[in-house]
Amino acid sequence: QVTLVESGGGLVQAGGSLRLSCAVSGRTFSTYFTGWFRQAPGKEREFVSAISWRGALTGYADSVQGRFTISKDNAKDTVYLQMNSLKAEDTAVYYCAAGAASWHAGGYSYWGQGTQVTVSS
């Protein structure tokens with residue numbers, strides 16, 4: 001009973017920036033974390049970042065640490081992923097998810113439809 005809708009994807013040059021947004025609606029009582037994941041064609045979905053609903057706890061994959069920042073605005077029911085210094089290998093469909101898990105996709109119960117991020121070199 002939780003709906004997540006991603007937006008903000010697009011085409012950027014290597015070294016550029018994008019900010020993804022995830023609008024969350026519905027009953028979120030069973031969710032503790034909101035996470036960002038990505039999947040490139042032919043590859044497994046991988047963890048990118050996550051944040052607890054109070055915002056006190058955050059985590060990042062080693063591949064994006066120092067470049068990406070996760071944040072949230074509870075008043076707007078929105079979670080953000082600020083992506084800086086983008087690389088070609090960041091190209092993927094990015095998904096937001098909500099659930100009890102932290103750094104692994106297996107524990108997330110609700111998923112958005114994804115937004116395409118393409119980084120050109």
Side-chain angles (χ1 to χ4, degrees):
Q1 295 179 340
V2 177
T3 301
L4 306 98
V5 180
E6 304 95 335
S7 62
L11 174 65
V12 297
Q13 297 289 325
S17 298
L18 280 175
R19 188 178 73 163
L20 305 183
S21 299
C22 177
V24 183
S25 62
R27 291 189 169 273
T28 60
F29 301 112
S30 63
T31 65
Y32 185 67
F33 286 93
T34 303
W36 286 97
F37 298 80
R38 66 187 183 186
Q39 187 168 23
K43 303 190 72 175
E44 296 293 321
R45 187 169 299 185
E46 65 175 342
F47 167 78
V48 176
S49 184
I51 187 169
S52 60
W53 79 270
R54 291 181 175 88
L57 182 64
T58 60
Y60 300 90
D62 289 343
S63 59
V64 306
Q65 198 157 38
R67 299 189 297 122
F68 292 8
T69 303
I70 191 169
S71 63
K72 67 186 306 186
D73 186 336
N74 287 335
K76 298 179 180 179
D77 298 321
T78 302
V79 178
Y80 303 97
L81 184 68
Q82 178 68 47
M83 306 186 294
N84 299 324
S85 301
L86 284 162
K87 307 173 181 179
E89 67 178 22
D90 294 319
T91 296
V93 177
Y94 283 70
Y95 301 87
C96 64
S102 54
W103 326 135
H104 195 277
Y108 286 84
S109 301
Y110 306 97
W111 293 83
Q113 295 175 319
T115 185
Q116 177 71 48
V117 172
T118 303
V119 184
S120 63
S121 58

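Scope of the values below: all heavy atoms of this structure, side chains included, with no hydrogens, waters or symmetry mates.
Looking only at distances, a side-chain donor or acceptor of Ser52 sits under 3.5 Å from a matching main-chain atom of Leu57. Within the 3.5 Å criterion, the main-chain N or O of Gly59 finds a donor-acceptor partner in the side chain of Ser49. When atom types are taken as modelled, the side chain of Tyr95 and the backbone of Glu6 share no donor-acceptor pair closer than 3.5 angstrom.
The minimum heavy-atom distance linking Val12 with Ser17 is given by the pair CG1-O, 3.8 Å. Closest approach of Asp90 to Lys87, counting heavy atoms only: OD2-N, 2.8 Å. Contact record, Thr78 with Ser21: CG2-CB, 4.1 Å, taken as the closest heavy-atom pair.
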Under 3.5 Å, sequence neighbours excluded: what are the donor-acceptor pairs made by side chains of residues 100-109?
unit_1 : atom_1 : unit_2 : atom_2 : d
His104 : ND1    : Gly106 : N      : 2.9
Tyr108 : OH     : Ala101 : O      : 3.1
Tyr108 : OH     : Ser102 : O      : 2.6

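We find the CD1-OG1 distance between Ile51 and Thr69 to be 10.0 Å, quoted to the nearest 0.5 Å. The line from OH of Tyr110 to SG of Cys96 is 14.0 Å long, rounded to the nearest 0.5 Å. Between the CG atom of Leu18 and the OG1 atom of Thr115 there is a distance of 8.5 Å, given to the nearest 0.5 Å. Taken from OG in Ser121 to CG in Leu86, the straight-line distance is 12.5 Å, to the nearest 0.5 Å.
Side-chain atoms of Arg38 and Ser63, non-hydrogen and from C-beta on, do get closer than 4.5 Å to each other. Residues Trp36 and Met83 form no side-chain contact, since every pair of their non-hydrogen atoms from C-beta on lies 4.5 Å or further apart.
Taken together through direct or relayed side-chain contacts under 4.5 Å among Ile, Leu, Val, Met, Phe, Trp and Tyr, Val117 and Val48 form part of one hydrophobic cluster. Neither Leu4 nor Val79 shares a network with the other; the hydrophobic side chains, linked directly or stepwise wherever heavy atoms of I, L, V, M, F, W or Y lie under 4.5 Å apart, form separate groups for each. Grouping the Ile, Leu, Val, Met, Phe, Trp and Tyr side chains by contacts below 4.5 angstrom, directly or via other members, places Val64 with Val119. Linking Ile, Leu, Val, Met, Phe, Trp and Tyr whenever their side-chain heavy atoms come within less than 4.5 Å puts Tyr60 and Leu20 in one cluster. Hydrophobic clustering (ILVMFWY, side-chain heavy atoms < 4.5 Å, transitive): Val24 and Phe33 are in distinct clusters.
The side chain to side chain contact (heavy atoms under 4.5 Å, CB included) search around Gln116 returns Thr91, Val93, Thr118, not counting sequence neighbours.
Remark: Arg45 is not positioned above the aromatic ring of Phe37, lacking an NZ or CZ atom under 6.0 angstrom from the ring centre and at most 45 degrees off the axis.
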* Test side-chain contact (heavy atoms from CB on, under 4.5 Å) on Asp73 and Tyr80 and set out the steps. => CA-CA 8 Å; Asp73 186 336; Tyr80 303 97; 4.0 Å; yes

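Taking the six-membered ring for Trp and thresholds of 30 and 60 degrees, Tyr94 and Phe68 have ring planes inclined between 30 and 60 degrees apart.
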